[in-house]
Trainee: 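The structure is given below, and queries will be raised subsequently.
In what follows, every chain begins at residue 1, and chains take the letters A, B, ... in the order their sequences are listed. Just the heavy atoms: all of them, side chains too, but no hydrogens, waters or symmetry mates, feed the values below.
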Amino acid sequence: MFEKIKAAILDGDVEETAALVKKALADGLEPLEVLNKGCIPGIEKAGALFEAEEFFLPELITAGEATKAAMELLLPELRKKEDAWQSAGKFVIGTVEGDMHDIGKSIVASMLSAAGFEVFDLGIDVSAERFIEEIKTKEPDFLGLSALLTSTMPKQQEVIDALKEAGLRDKVKVFVGGAPVSSEWAEKIGADGYAEDAVAAVKLAKKSKE
Amino acid sequence: MIKINVLSEDDKALIHEKTLQLLQKTGIKIKSKRILDLMEQHGCQVEASEGTIKFPPELVVKSLEAAPGKFMLGGLDPAKDLPMGAGKSYLSTDGQGCYVCDLETGQRRESTMQDFADTVALCDSLDYISLYWPIISALDAPSEVRTLRELATAYRYTGKHVQTDVFTPQQVPFFIELLEVVLGDRKKIKERNIFSVVCCPVSPLGYDPEMMEAALELTEFHVPINILPMPIAGATAPVSLLGSVLLNNIEVLAALTIFQSYQPGTPLIYGSSSGILDMRTGLFAVGSPEEGLQNAACAEMARYYGLPSFASGLASDAKEPGIQAALEKVASGIVPWLSGTDILGGAGLVETCQCLYYEQLIIDEELFGYINRIKEGIRGGEEYIFDDVIAEIGAGGHFLSHKSTKRLLRDGEHYIPRLVNRESHEVWVNSPKKDMRLFAREKARQILGKPRKEYLGPELQAEMEKVMQGAEKSLCK
């Protein structure tokens with residue numbers, strides 16, 4: 001069963017993965033085992049294949065989406081046994097105000113979900129006020145700010161400044177991303193990190209959690 | 001599939017008409033009594049003292065009909081066989097360079113048998129290269145048996161088809177002996193065609209008598225011959241591109257008529273390695289935009305006659321890999337490739353087909369990948385229009401996770417580069433792919449560092465060595 005789940009994830013088959021996870025739970029398998037022996041080996045293998053230039057981006061992303069589908073089924077079960085399992089962290093993510101670019105941010109969100117983070121995707125064109133509000137209610141470990149335009153990059157700084165004003169800056173780690181963004185920019189605006197793609201974003205979040 | 005034409009139908013007919021006229025009126029020169037006698041018997045007007053042969057048009061037309069449009073260039077590994085005239089095109093190495101840039105020292109020096117063995121092994125593992133034409137010469141081998149020794153080394157390390165030179169008729173029996181050892185049976189030489197020869201006219205309208213006689217004898221074993229003129233527009237050919245193509249055509253058809261007269265049905269390849277004279281330096285320029293046009297035009301003439309073609313391209317006059325080499329190689333390679341030549345030759349060399357850089361072989365595969373993707377064109381029709389997919393995703397979604405995206409990527413819809421760097425600036429700064437030339441050199445090093453696949457066992461190699469020693473005894477002064 002675990003091998004089947006792993007294969008379905010590698011195949012990027014969302015329906016098949018969900019069906020297998022449902023069946024595994026119905027058969028009484030431990031959700032934590034399904035996660036650790038089926039889902040995680042699947043998505044880790046997909047990541048390794050992508051880094052080895054054997055998988056193309058769509059193959060990695062669909063593997064991520066399949067894992068995300070599995071996580072959605074497993075999370076409610078896992079939460080019941082919090083002593084045995086903890087999520088990798090809470091992650092609020094969104095594209096900044098005035099920017100309608102969705103895809104890159106969504107890919108990062110689904111790869112984070114696949115890696116065991118609890119992800120709250122606020123979508124696109126998200127104002128600084130909305131980010132602050134969500135951080136107050138969700139109390140995440142991480143905030144991801146996406147900007148795909150040089151004209152919207154300064155909005156990343158505005159959110160960080162707003163966090164400072166609200167006295168929340170040290171409560172959350174802020175990561176920035178997007179095509180024109182760089183680690184120099186991240187440093188300049190006082191962010192905690194930058195990642196150039198979804199794989200790097202997952203690594204960055206995992207590393208800062210340690 | 002994109003197929004371009006660089007000659008109009010009228011110009012092809014004009015070249016054909018003028019070829020027949022000039023073969024009859026002006027003819028060619030070859031100082032070979034054997035070939036002069038042969039052609040006199042076939043109704044040619046021969047002047048023995050001048051070495052001139054003038055061809056009646058009927059004989060040329062009859063010979064064109066006798067030349068097969070389809071045959072096989074075999075490999076030691078039958079999976080690497082190359083059917084000619086089956087609508088498929090192949091990439092060949094460039095041939096007969098004499099310098100190599102040493103992979104370790106970076107120094108340009110004369111090429112050796114060790115380099116030869118290395119290039120064979122490297123090319124055997126490169127998937128775009130279908131045919132091995134000795135890319136460099138083993139200049140440390142005795143010249144009388146050099147190409148024989150090269151051939152033996154080539155069969156040791158590659159299963160792909162090998163094409164080389166046989167310079168004199170005295171060498172022929174040793175080549176046949178070697179092929180018999182490799183194939184284990186003399187009869188298989190004719191069946192498998194694992195070996196073809198290049199036969200170069202000496203433009204304008206001259207032929208090396210010994211090379212022609214050697215090729216003539218090889219026709220008895222059904223050895224395919226690549227008739228490969230190298231006219232230089234403005235120097236050894238008229239300055240006009242059309243005129244240089246005409247001269248190339250005359251030189252191919254004259255040799256074709258000689259071979260078909262001697263042995264009807266001999267498999268022949270219509271070759272062209274035309275170029276221009278650089279009018280500032282007075283040197284042969286192969287990386288010119290004209291070169292691509294000339295050789296594409298010749299490939300079109302080959303198709304006009306229903307013959308397989310070999311066109312030079314991917315050529316460069318740059319002295320080392322870099323911007324000029326890439327520019328010239330793409331410019332000279334893309335036109336003949338899009339024109340549908342059966343074989344495109346040119347991978348690996350720079351410096352006007354003289355100097356090998358190992359990294360250039362790796363880079364040329366990438367250049368070829370690009371022009372080959374362009375040739376494949378846009379797949380059309382209902383199957384590829386994907387209106388249903390657009391409707392399914394709708395506004396604001398994305399196509400990355402759609403099943404069709406994965407399926408078509410695996411089916412080659414987008415060319416996936418091997419060397420080209422498309423990383424972000426951030427990643428590029430520390431990327432091993434930062435400098436294409438260094439990355440390609442590293443790839444070449446990695447391949448050469450691996451254990452080599454051997455295609456012939458030690459016993460066969462010992463037998464081949466006996467043949468070569470016999471040849472040395474008999475041929476070397």
Trainee: Please check if atom NZ in K138(A) has more than 12 non-hydrogen atoms from other residues, nucleotides or ligands closer than 6.0 Å.
Mentor: yes
Trainee: What part of I107(A) is in contact with chain B, defined as an atom under 4.5 angstrom from a non-hydrogen atom: side chain, backbone, both or neither?
Mentor: side chain
Trainee: Under 6.0 Å from the CD atom of E376(B), do we count more than 12 heavy atoms belonging to anything else shown?
Mentor: yes
Trainee: Verify side-chain contact (heavy atoms from CB on, under 4.5 Å) between Y194(A) and E426(B), making sure each step is shown before the conclusion.
Mentor: CA-CA 10 Å; Y194(A) 156 81; E426(B) 187 103 9; 3.4 Å; yes
Trainee: Would you find more than 12 non-hydrogen atoms of other residues, nucleotides or ligands less than 6.0 Å from K434(B) atom NZ?
Mentor: yes
Trainee: Locate the shortest heavy-atom distance separating R410(B) from F55(A); write the atom from each residue and the value.
Mentor: NH2-CA, 3.9 Å
Trainee: Please find the pair of heavy atoms, one from I61(A) and one from S401(B), that lie closest to each other, and give the distance.
Mentor: CG2-OG, 3.7 Å
Trainee: Sort out for me which of L409(B), L400(B), T405(B) touches chain A most, counting heavy-atom pairs under 4.5 Å.
Mentor: L400(B)
Trainee: For the backbone of D11(A) and the side chain of K406(B), can you confirm whether one donor and one acceptor N or O come within less than 3.5 Å of each other?
Mentor: yes
Trainee: Using non-hydrogen atoms only, which part of E196(A) is less than 4.5 Å away from chain B: side chain, backbone, both, or neither?
Mentor: side chain
Trainee: Can you tell me how far apart NE2 (H425(B)) and OG (S182(A)) are? Round to the nearest 0.5 Å.
Mentor: 9.5 Å
